[in-house]
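Read the structure below first, then the notes.
Note: hydrogens, waters and symmetry copies are ignored here, and every other heavy atom, side chains too, is used. For ligands, and for the atoms within them, numbers begin at 1 and follow the listed sequence.
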Amino acid sequence: MGAPCVSWHDGAVTSVLNDSPFVRACRGQEVPHTPVWFMRQAGRSLPEYRKIREGVGMLESCRRPELVTEITLQPVRRHQVDAAILFSDIVVPIAAAGIDLDIVAGTGPVVAEPIRAESDLERLRPITADDVDFVAESVRLLVAELGSTPLIGFAGAPFTLASYLIEGGPSRTYLKTKAMMYAAPGLWDALLSRLADITLSFLRTQIDAGVSAVQLFDSWAGALSEADYREHVLPHSARVLRGLADAGVPRIHFGVGTAVLLDAMGEAGADVVGVDWRTPLDQATKVIGPDRSVQGNLDPALLFAGWDVVRREADRVLEQGRAAPGHVFNLGHGVMPETDPDILTRLVAHVHEASAR
Ligand code: CP3
């Protein structure tokens with residue numbers, strides 16, 4: 001059968017993971033120290049990542065379970081972070097759903113034929129666990145390797161995925177995305193419903209294979225007003241997050257530039273709301289309310305300002321995070337590729353030490 005020596009079905013392992021500082025902080029329970037991980041902790045900031053990725057395309061590397069396992073483990077070994085995040089990308093499930101796309105280095109996802117009309121929707125079919133079997137296999141391998149360190153699964157939220165599908169690639173203005181949202185609400189809802197179904201299946205696959213938490217990335221939701229977010233986006237994200245309520249794993253919901261959306265993103269069905277560097281965590285928690293933890297939010301650019309600044313600002317983030325029922329330390333967005341990885345290692349040690357109780 002090739003069953004891994006440590007299986008997530010093993011009650012003892014599950015209870016160790018449920019008792020990890022990361023999962024406890026997500027649930028607003030007491031922790032021995034504030035847990036810390038970094039969005040994009042695996043990736044180009046690590047020389048060992050650049051080496052192992054040589055000559056292998058991004059999408060291709062996401063489809064090779066042994067490679068995914070090694071890349072996911074690299075930052076855990078190096079930095080001693082409190083959680084691993086599956087190495088994958090938000091466009092992996094939409095590629096599995098039949099969309100012709102590529103991830104171009106230095107640019108991001110590029111879609112060959114963008115979705116602009118009702119007839120384009122046929123190219124986005126539902127996915128089954130079989131379409132992403134390499135993801136389930138990667139999660140199983142990782143859970144066996146990680147032991148007491150929890151693994152975070154993730155997916156892109158319907159709005160952020162739709163923005164890539166409609167624009168055809170990254171965008172600053174989201175002109176075509178917003179035009180569809182305002183001018184063709186029927187098509188918009190049909191597209192986001194399909195994306196919600198795909199996202200739900202993708203996250204279910206990861207949960208069934210053993211991840212300890214999931215993060216829904218609505219990275220670009222900050223382009224919207226609260227009213228538009230509530231009307232056109234929240235119902236679809238809520239279908240994903242609420243659809244996982246029975247799974248028993250913490251749900252983290254994150255976006256950039258979302259100061260006016262934080263309470264709505266919590267209401268969509270998150271246990272933890274990710275906050276970027278623009279909003280202090282004590283202010284964020286006032287808006288989000290006492291029932292949800294927060295994650296964040298050191299400015300990733302600060303990591304270029306020298307250790308004294310990093311330490312001072314990390315202490316401020318820890319202090320402001322104490323206002324929330326639970327705090328998971330993170331950056332306010334992903335690690336930049338030029339970041340000195342030694343600063344990240346030092347930051348993890350500092351967060352652990354400064355928050356020890
Ligand atoms: O360690 C981790 O955080 C897990 C890996 C991860 C990747 N993508 C790997 C990746 C995660 C969580 C993502 C999510 C993702 N992908 C998001 C949401 C998170 C966010 O940053 O807001 C978004 C918007 C994408 C789309 C995407 N994919 C972008 C914008 C890029 C960057 C393009 C570039 O080259 O700068 C990618 C490519 C990508 N995804 C890379 C990695 C490590 C870089 C490609 C490479 O290393 O060759």
Side-chain angles (χ1 to χ4, degrees), residues 36-63 67-79 81 83-95 99 101-111 135 138-139 142 149 151-165 167-172 174 177 199 202-203 206 211 213-223 252-258 265 274-277 295-297 300 328 330-339 341 344:
V36 47
W37 69 280
F38 304 117
M39 292 183 275
R40 293 276 173 94
Q41 63 191 18
R44 282 172 295 184
S45 67
L46 302 184
E48 60 270 35
Y49 170 82
R50 294 195 297 267
K51 183 148 194 290
I52 204 171
R53 277 284 320 281
E54 260 170 38
V56 192
M58 177 65 196
L59 273 178
E60 173 59 23
S61 34
C62 296
R63 294 181 180 129
L67 192 55
V68 169
T69 302
E70 172 55 25
I71 293 174
T72 302
L73 292 172
Q74 285 176 347
V76 180
R77 284 190 205 114
R78 192 190 254 268
H79 304 311
V81 280
I85 180 158
L86 178 73
F87 181 77
S88 186
D89 195 84
I90 57 167
V91 295
V92 164
I94 48 181
I99 297 291
L101 62 86
D102 195 11
I103 300 178
V104 180
T107 301
V110 176
V111 176
V135 171
S138 302
V139 170
L142 274 163
T149 304
L151 176 64
I152 304 167
F154 75 91
F159 173 79
T160 290
L161 293 177
S163 79
Y164 285 107
L165 287 174
E167 304 288 337
S171 171
R172 280 215 170 91
Y174 305 97
T177 308
T199 300
F202 190 55
L203 289 172
Q206 296 175 52
V211 299
V214 291
Q215 176 153 329
L216 188 66
F217 281 96
D218 211 350
S219 300
W220 314 137
I252 310 168
H253 197 188
F254 168 79
V256 183
T258 53
M265 288 182 74
V275 182
D276 83 359
W277 63 91
Q295 176 174 280
N297 69 343
V328 176
N330 206 313
L331 303 179
H333 198 189
V335 173
M336 315 254 205
E338 304 82 3
T339 306
L344 292 172

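- Salt-bridge formation is not detected for the pair Glu48/Arg77: no Lys NZ or Arg NE/NH1/NH2 atom is positioned less than 4.0 Å from an Asp or Glu carboxylate oxygen.
- The single protein non-hydrogen atom nearest to atom 35 (O) of ligand 1 is Gly106 N, 2.6 Å, given as residue, atom name and distance.
- Of the possible donor and acceptor atoms, one in the side chain of Asp276 sits under 3.5 Å from a partner among the backbone N and O of Gly257.
- The distance from the CG atom of Leu46 to the CD atom of Gln74 is 6.0 Å, given to the nearest 0.5 Å.
- Nearest to atom 20 (C) of ligand 1 by heavy-atom distance, out of Gln215, His333, Met39, Met336, is His333.
- Distances from atom 23 (C) of ligand 1 to the heavy atoms of Ile90, Leu59, Val256 show the closest one on Ile90.
- Side-chain atoms of Gln206 do not come within 3.5 Å of backbone N or O of Val135 as any donor-acceptor pair.
- For Thr107, every heavy-atom contact with ligand 1 shorter than 4.0 Å involves the backbone, none the side chain.
- When each atom of ligand 1 is checked for a heavy atom of Phe217 under 4.0 Å away, the hits are 12 (C), 18 (C), 19 (C).
- At least one N or O atom of Asp89 sits closer than 3.5 Å to an N or O atom of ligand 1.
- Taking only nitrogen or oxygen atoms, main chain and side chain alike, Ser219 reaches within less than 3.5 Å of ligand 1.
- Nearest to atom 47 (O) of ligand 1 among the protein's heavy atoms is Tyr49 OH, 2.6 Å.
- For atom 48 (O) of ligand 1, the candidate residues are Arg53, Met58, Gln74, Arg40; the nearest heavy-atom contact is made by Arg53.
- Every N/O-N/O distance between Trp220 and ligand 1 stays at or above 3.5 Å.
- Under the 4.0 angstrom criterion for non-hydrogen atoms, Ser88 is in contact with ligand 1.
- Here the side chain of Asn330 pairs a donor or acceptor atom with the backbone of Met39 at under 3.5 angstrom.
- At least one heavy atom of Ala105 sits less than 4.0 Å from an atom of ligand 1.
- Residue contacts with ligand 1, taken as heavy atom pairs separated by less than 4.0 Å, involve Ala42 via backbone and side-chain atoms alike.
- Between Phe159 and Tyr174, the ring planes are tilted. Angles from 30° to 60° get that label.
- Atom 36 (O) of ligand 1 has its closest protein heavy atom at Arg44 NH2, 2.8 Å.
- Remark: side-chain polar atoms of Thr160 are paired, donor with acceptor, to backbone N or O of Trp220 under 3.5 angstrom.
- Looking at Leu86 against ligand 1, only its backbone comes within 4.0 Å, counting heavy atoms.
- Listed by atom number, the atoms of ligand 1 under 4.0 Å from Ile85 heavy atoms are 1 (O), 2 (C), 3 (O), 4 (C).
- Annotation for ligand 1: atoms under 4.0 Å from non-hydrogen atoms of Tyr164 are 24 (C), 26 (C), 30 (C).
- Annotation: Tyr49 is in aromatic contact with Phe87 [ring centroid separation under 6.0 Å].
- Judged by distance alone, with hydrogens and angles left aside, the side-chain atoms of His79 form no donor-acceptor pair with the main-chain N or O of Leu344 at under 3.5 Å.
- Considering backbone and side-chain atoms alike, Phe154 places every N or O at 3.5 Å or more from each N or O of ligand 1.
- With a 4.0 Å cut-off on non-hydrogen atoms, Pro109 touches ligand 1 through its side chain and not its backbone.
- Side-chain atoms of Glu60 do not come within 3.5 Å of backbone N or O of Gly57 as any donor-acceptor pair.
- Under a 3.5 Å cut-off, the side chain of Asp102 and the backbone N or O of Val104 do not form any donor-acceptor pair.
- Of the protein's non-hydrogen atoms, the one nearest atom 38 (C) of ligand 1 is Ile103 CG2, 3.4 Å.
- Aromatic ring pairs are classed by plane angle as parallel below 30°, tilted from 30° to 60° and perpendicular above 60°; the pair Phe217 and Phe154 is perpendicular.
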